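Report on the following structure.
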Amino acid sequence: MPLLVMKFGGTSVANLERIENAAKKVQKEVERGYDVIVIVSAMSGETNKLVGYVEGTSKLYDAREYDAVVASGENVTAGLMALRLQEMGIPARSWQGWQVPINTTAAHSAARFVSIPRDNIDAKFKEGFKVAVVAGFQGVSPEGRVTTLGRGGSDTTAVAFAAAFAAERCDIYTDVDGVYTTDPRVSGKARKLEKIAFEEMLELASLGAKVLQTRSVELAMRYKVRLRVLSSFEDTDENSGTLVCDEEEIMESKVVSGVAFSREEAKITLFTIEDRPGVAQAIFGPLAEAGVNVDMIVQNISEKDYDEAHPGAVTDMTFSCPINQVERAKKALEDAKTAGLIKYDELIIDTDVAKVSVVGIGMRSHAGVAAKMFSALANEGVNIKVISTSEIKISVLIDRKYMELAVQALHDAFALGDA
Ligand code: ADP
Ligand code: ASP
Ligand code: MG
């Protein structure tokens with residue numbers, strides 16, 4: 001039997017009516033002759049509520065209990081979806097992560113897949129079941145504890161199942177009808193893309209476009225999963241939505257294909273650090289150990305004999321990290337200073353920044369993208385605080401209040417609204 005994976009996000013299962021609507025989409029595929037693995041998220045808002053319960057109970061919570069609590073949202077929707085399908089006369093049952101079992105690492109709240117044995121679900125399909133409804137976002141650790149995969153992790157569950165079960169396609173049903181040139185909530189001129197290359201989607205996702213979890217795109221690329229993003233609110237067929245695929249499958253390609261942004265950024269500067277070999281390691285080593293995801297880094301040019309207190313060469317080091325890791329970063333740096341591992345006069349934290357990025361595989365072969373980006377931002381009076389680049393993206397850190405303006409200006413500058 002050919003098999004499809006269909007994933008429904010939070011807004012697509014937000015209430016009983018929406019679950020019924022999603023179940024009808026599953027029914028259509030069953031009638032077309034597919035066995036279906038349905039991956040569900042928690043009802044929208046539910047995971048945030050559960051995270052709030054945990055944080056309201058314990059500040060420095062035990063991550064194993066955090067996972068036990070926040071994974072429960074998906075258990076509810078999996079059961080409800082199976083019940084709805086049964087009501088429609090479709091043989092279906094729900095599966096929680098441990099029942100499959102979805103084996104993951106023990107990295108609670110950020111677990112990674114280790115294996116997804118097919119035997120249990122395959123046996124049920126053989127018995128005549130048509131649909132396996134699997135709770136997304138969760139798994140089980142080697143110790144037998146419930147784990148979760150990080151926010152947005154149901155996308156990754158869906159792709160992992162598509163790979164493990166050699167599905168014909170992995171369809172991600174959500175509240176937009178595809179991947180756009182930028183978040184349609186921020187720019188009314190955003191345009192839906194027919195296709196997007198894995199590499200571009202990977203950059204967009206990791207730079208803040210939450211339409212797909214980054215890890216899901218990585219897995220799809222590695223296991224050659226045909227991945228599609230489409231609307232759960234509209235009538236859809238096999239040509240709907242956006243296909244995430246190899247770049248060879250895409251005929252026309254612009255130099256820049258999308259603009260991504262992330263609000264949840266912070267900038268940290270260490271003033272007057274020594275400029276000598278080993279200093280960067282002394283700073284970023286403790287940050288890594290503390291689990292801080294450092295993103296952009298800039299080091300100022302060195303000053304000799306800055307003042308009497310600083311003989312020799314000194315410089316400043318600035319880096320960015322997710323805003324919710326600022327406290328951890330601060331503690332790691334202060335502890336390293338107390339332990340005599342690093343010296344600095346001041347630690348300055350700016351939590352009013354955002355990151356805006358342009359992404360496109362065309363950048364590999366085109367010069368002038370950075371110049372165009374910087375001039376578009378300058379024309380709007382937006383000051384750039386930190387810049388970082390890779391082969392196919394340029395990111396800037398700016399004041400958060402200019403984020404929307406910057407996204408719109410860049411969308412216009414690269415004519416992304418034009419087909
Ligand atoms: P789900 O609950 O279905 O997983 P998410 O909220 O995680 O849905 O992801 C869908 C949202 O991603 C959209 O509502 C949209 O606001 C946002 N988004 C950000 N960037 C993009 C983009 N480039 N294209 C489409 N949607 C985007
Ligand atoms: N419910 C989880 C979250 O909100 C996982 C997901 O929806 O993908 O992050
Ligand atoms: Mg999501």
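Order of appearance sets the numbers: ligands from 1, and atoms from 1 within every ligand. Note that the structure is a prediction, hence the values are computed from the model and not measured.
Every N/O-N/O distance between G10 and ligand 2 stays at or above 3.5 Å. Residue D155 places no N or O, backbone or side chain, under 3.5 Å from any N or O of ligand 2. For the pair T174 and ligand 1, the shortest N or O to N or O distance falls below 3.5 Å. Ligand 1 has no N or O atom lying under 3.5 Å from any N or O atom of D155, backbone or side chain. At least one N or O atom of K210, backbone or side chain, sits closer than 3.5 Å to an N or O atom of ligand 1. Here's the thing with K7: none of its N/O atoms is less than 3.5 angstrom from an N/O atom of ligand 2. For the pair G10 and ligand 1, the shortest N or O to N or O distance falls below 3.5 Å.
At a 4.0 Å heavy-atom cut-off, ligand 1 touches R185 through the side chain alone. Heavy atoms of V211 found under 4.0 angstrom from ligand 1 belong to the backbone as well as the side chain. Contact annotation: for T182 versus ligand 1, heavy atoms closer than 4.0 Å belong to the backbone alone. Residue contacts with ligand 1, taken as heavy atom pairs separated by less than 4.0 Å, do not involve R151 at all. Under 4.0 angstrom from ligand 2, there are no non-hydrogen atoms of E46.
Among protein heavy atoms, atom 9 (O) of ligand 2 sits closest to R151 NE, 2.6 Å. Ranking protein heavy atoms by distance to atom 7 (O) of ligand 2, first place goes to S41 OG, 3.0 Å. Nearest protein heavy-atom neighbour of atom 21 (C) of ligand 1: D183 CA, 3.7 Å. If you check which protein heavy atom lies closest to atom 24 (N) of ligand 1, you get Y180 N, 2.9 Å. Here the heavy atom of the protein found nearest to atom 11 (C) of ligand 1 is D175 OD1, 3.9 Å.
For the pairing with D246, the salt bridge (charged side-chain N to carboxylate O under 4.0 Å, His left out) check across K195, R226, K224 returns one residue only, K224.
Contact between V179 and ligand 1 is present, with at least one heavy atom of the residue lying under 4.0 Å from the ligand. At a 4.0 Å cut-off, at least one heavy atom of G178 sits close enough to ligand 1 to count as contact. Using a 4.0 Å cutoff on heavy atoms, M43 does not count as a contact of ligand 1. Ligand 2 has at least one atom lying under 4.0 Å from a heavy atom of G152.
Enclosure of atom NZ in K210 is not indicated, since only 12 or fewer non-hydrogen atoms of other residues, nucleotides or ligands lie within 6.0 angstrom. Counting non-hydrogen atoms of neighbouring residues, nucleotides and ligands closer than 6.0 angstrom, the CZ atom of R400 exceeds 12 such neighbours.
Using modelled atom types, one finds a donor on one side chain and an acceptor on the other under 3.5 Å when comparing T104 with T147. Residues E168 and Y34 have side chains that bring a donor and an acceptor to within less than 3.5 angstrom of each other. Looking at T236 and K25, their side chains do bring a donor and an acceptor atom within 3.5 Å of each other. Between the side chains of H411 and T181, at least one donor N or O sits under 3.5 Å from an acceptor N or O.
Ligand-side atoms of ligand 1 in range of K7: 4 (O), range being under 4.0 angstrom from any heavy atom.
Two rings, from F271 and Y344, have their centers 6.0 Å or more apart.
For Q325 (side chain) and N293 (main-chain N/O), a donor-acceptor pair under 3.5 Å exists by modelled atom type. Judged purely by atom type and a 3.5 angstrom limit, S115 has no side-chain atom pairing as donor or acceptor with the backbone of P117.
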Exercise. Mind running salt bridge (Lys or Arg N to Asp or Glu O under 4.0 Å) on D352 and K401 for me, showing each step along the way?
Key: CA-CA 8 Å; D352 284 324; K401 63 178 183 233; over 6 Å; no

Quiz prompt | Step-by-step ring-ring contact (aromatic ring centres under 6.0 Å, His included) determination, F284 to F319 | solution = CA-CA 10 Å; F284 295 107; F319 64 90; 5.6 Å; yes

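Between R145 and D62 there is no salt bridge, since no side-chain N of the basic residue sits under 4.0 Å from a carboxylate O of the acidic one.
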